[in-house]
Amino acid sequence: MDQPLLELDNLRVDFHTPTGIVHAVRGLSFTLGRERLGIVGESGSGKSMTGRAILDLIPPPGLVTADRMVFRGQDLLTMDKRERRKLRGRRISMVMQDPKYSLNPVMRVGEQIAEALRGKGPGVRRRVLEALEAVRIRDPERVYNLYPHEVSGGMGQRIMIAMMLAPEPDLLIADEPTSALDVTVQMQVLAILDDLVAKRGMGLIFISHDLDLVASFCDRVLVMYGGRVVEELNARNLRAATHPYTQGLLDSLPRIDDQREELPTLRRDPAWLED
Amino acid sequence: MIDVRNLDVRFGQGAGALHAVRDVSFSVAQGESFGLVGESGSGKSTVLRVLAGLNPRWTGQAALAGMPLGPRDAPLPRLVQMVFQDPYASLHPRHTVDRALSEPLEIQGIGDVGPRVERALADVGLGPAFRFRYPNQLSGGQRQRVAIARALMLEPKVLLLDEPTSALDVSVQAEILNLLRRLRRAHGLTLLLVSHNLAVIAHMCDRLAVMNRGAIVEEMDVATLRRQEPREAYTRQLLLASRGYDRDVAAGIVTYD
Ligand SMILES: Nc1ncnc2c1ncn2[C@@H]1O[C@H](COP(=O)(O)OP(=O)(O)O)[C@@H](O)[C@H]1O
Ligand SMILES: Nc1ncnc2c1ncn2[C@@H]1O[C@H](COP(=O)(O)OP(=O)(O)O)[C@@H](O)[C@H]1O
Ligand SMILES: [Mg+2]
Ligand SMILES: [Mg+2]
């Protein structure tokens, strides 16, 4: 039988701050196969913290707890820090929301990708250039020699994707990976991710605030609000969402072919935060 | 109200020069809402900056309310104001909302400051409690409301909006778009709205121009956009790509120069 890639049960992320505890993620559970799982929700709903918790990259004073956290049969909760770090960047990769903070500022872009490839010798440069071409960077020779501050936001996102895909991970967590890209480039980058899931059997957690994009790209969608999943949907049925939060988000989107004068705005219900 | 003829903008000189805006012409009637769409780097913000008097080097003709503009002319804050994508960057972090809204009045020597500030806050749906807050005490949507209120302090006729909702959550975007539509009606504003989001343009504008690499590819009315019947292949591709992910569309994407 096919073993799940990732099993999460009752994941919590708490920040103990001087003014009290912030519950960033409150009891999240899901099982991921070799599929495209979307996580949507407004800013602050806990999407990034969920991704970072899986990688053990929650910044202090954040604390992660879970009843179960298993990657390909390996228990992440009891694994020692060194083992966990080895998993990260090889078997599990994450494209962070802001590429500027996850690239090394004093290292050329090409050298960083070469390092991610963990390769040496004359072939590496060619593989780096291929990785840059794969994410539709037009002039890879020039980009190879640039430093992170010399590239635009959209270019930085593509470089991050190239870098994270280089070690051919089993699981890729992509946090708003295409938000700074033009729609046409976004489509091409999604096609690359699509291929990796379809052909190599990679699992993908695709974090985004763009409901329409997730509905068209993913297999399954979790809708987060206030650190909880309020609704899980088959991506194709996103428009048929039943939770008032999901419905509210969908209604508030302007659409090319509608003529509504006034867009409905979301009326939040405190009950959405309860179990 | 806005008239732009053969506008050219170049940055830098010699071999490294960049022709950022190429022979752009369009006009916007009083009270009309006109959209500029296009991918990043296509020159949209530069066109707005020329009209706001924030870009000193350009050639061609530009006029606002019949007044010709010159490349080195000072901005005309009582005629035209601009709102930016990131309200955090456009509000001084150590100035209260009160100061942000009073400043334009004081610079212009306009009195009656207190009541005007309160009216402006009410106009953008913020209560008087917000008056003495700092930007970091506001949500993204509240900050954008303050930026809009500030832009309206001098009662300009033209509002230039540069991706005003791109940094906001969709539910907050809806609130800001509703606000802008209401303010446009109430104040008889002429809007020039830049966005990369075609649905936002369809919702807000009467007409629009599509830009690519500094030039206008085509101009159309909003009905044509809604029917998704543009004339140019470039615009058709943009529309297709905006509809969400599609394997075949992704494979067929071409670059237009
Ligand atoms: N260092 C921190 N201290 C306190 N709260 C934090 C910290 N970092 C994140 N949070 C909180 O965690 C919540 C979830 O954040 P995040 O996962 O980044 O949201 P999203 O990615 O959905 O926008 C937010 O409400 C945020 O305020
Ligand atoms: N002050 C400047 N100096 C040099 N180049 C600039 C400057 N402002 C804009 N550009 C360049 O001009 C082009 C058009 O930019 P912009 O008008 O900001 O595009 P858009 O708003 O459509 O994304 C881009 O290539 C940009 O890098
Ligand atoms: Mg996030
Ligand atoms: Mg711009």
Side-chain angles (χ1 to χ4, degrees), chain A residues 36 38 40-45 136 138 152-155 178-195 198 206 208-218 225 235 238 245 248-268, chain B residues 37-42 125 139-141 165-182 185 195-205 212 222-228 230 234 237-256:
Chain A
R36 295 161 297 188
V40 297
E42 292 177 293
S43 51
S45 58
R136 302 296 185 270
R138 275 188 209 172
S152 68
M155 179 88 82
T178 59
S179 58
L181 304 181
D182 285 322
V183 281
T184 50
V185 178
Q186 167 173 288
M187 284 273 255
Q188 294 175 315
V189 169
L190 292 180
I192 298 165
L193 299 180
D194 194 9
D195 280 349
F206 187 81
S208 174
H209 64 275
D210 188 334
L211 284 88
D212 284 342
L213 186 67
V214 167
S216 62
F217 179 64
C218 292
Y225 179 76
L238 186 64
Y245 174 64
L249 289 184
L250 287 166
D251 284 347
S252 68
L253 281 170
R255 304 203 179 267
I256 283 187
D257 52 4
D258 86 35
Q259 303 211 27
R260 290 175 298 178
E261 283 281 308
E262 184 94 2
L263 295 168
T265 54
L266 199 62
R267 252 182 274 136
R268 288 159 213 278
Chain B
V37 292
E39 300 194 296
S40 57
S42 60
S139 70
T165 60
S166 300
L168 304 175
D169 278 318
V170 292
S171 62
V172 183
Q173 165 170 282
E175 292 172 19
I176 297 294
L177 294 181
N178 287 341
L179 172 69
L180 286 169
R181 283 179 72 120
R182 185 171 60 67
R185 264 197 314 273
S195 178
H196 66 275
N197 184 329
L198 288 161
V200 166
I201 295 282
H203 181 70
M204 293 293 295
C205 300
N212 181 33
V222 70
T224 308
L225 174 64
R226 287 211 181 105
R227 285 197 310 272
Q228 312 207 24
Y234 176 80
Q237 175 167 294
L238 206 61
L239 272 161
L240 272 177
S242 311
R243 279 193 210 161
Y245 179 68
D246 181 314
R247 195 88 198 60
D248 297 334
V249 173
I253 284 172
V254 294
T255 305
Y256 292 86

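Sequence lines set the chain letters: A, B, ... in the order given, protein chains first and strands last, and positions in each chain run from 1. Every heavy atom of this structure was used, including side-chain atoms; hydrogens, water molecules and symmetry mates were not.
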Counting heavy-atom pairs under 4.5 Å to chain A, which of A202(B), S171(B), S166(B), G41(B) comes out on top? S171(B)

Cut-off 4.5 Å, heavy atoms of chain B, and the answer for L253(A) is side chain

Can you name the salt bridge (Lys or Arg N to Asp or Glu O under 4.0 Å) partners of R227(B), sequence neighbours left out? E229(B)

If every non-hydrogen atom of V249(B) is compared with every non-hydrogen atom of M187(A), which pair is closest and at what distance? CG1-CE, 3.2 Å

For I253(B), is it the side chain, the backbone, both, or neither that has a heavy atom closer than 4.5 Å to a heavy atom of chain A? both

Applying a strict 4.5 Å limit to non-hydrogen atoms, the region of A250(B) in contact with chain A is both

Quick one: what part of Q186(A) sits under 4.5 Å from any heavy atom of chain B, side chain, backbone, both or neither? neither

Does R181(B) reach the main-chain N or O of E261(A) with its side chain, forming a donor-acceptor pair under 3.5 Å? yes

Given a strict heavy-atom distance threshold of 4.5 Å, which part of R267(A) is in contact with chain B: side chain, backbone, both, or neither? neither

Option in L266(A), D251(A), T265(A) with maximal non-hydrogen atom pairs under 4.5 Å from chain B: T265(A)

Are L263(A) and H203(B) side-chain neighbours, meaning at least one heavy-atom pair lies under 4.5 Å? yes

Proximal component of R260(A), with respect to chain B [non-hydrogen, under 4.5 Å]: backbone

Under 4.5 Å between any side-chain heavy atoms of Y245(B) and D194(A), yes or no? yes

D182(A) side chain to S40(B) main-chain N or O, any donor-acceptor pair under 3.5 Å? yes

Side chains of Q237(B) and T184(A): is there a donor and an acceptor less than 3.5 Å apart? no

Under a 4.5 Å heavy-atom cut-off, does chain A meet the side chain of L238(B), its backbone, both or neither? both

Are the side chains of L177(B) and P254(A) in contact, using a 4.5 Å heavy-atom criterion? yes

Most heavy-atom pairs under 4.5 angstrom with chain B, which of D257(A), I256(A), V183(A)? I256(A)

Taking C-beta and beyond as the side chain, do Q259(A) and R226(B) meet within less than 4.5 Å on heavy atoms? yes

Residue selection (most heavy-atom pairs with chain B, distance under 4.5 Å) from L190(A), L249(A), V214(A): L190(A)

Note, T255(B) side chain near R138(A) side chain (heavy atom, < 4.5 Å): yes

Looking at side-chain heavy atoms only, is the closest gap between S252(A) and Q173(B) below 4.5 Å? no

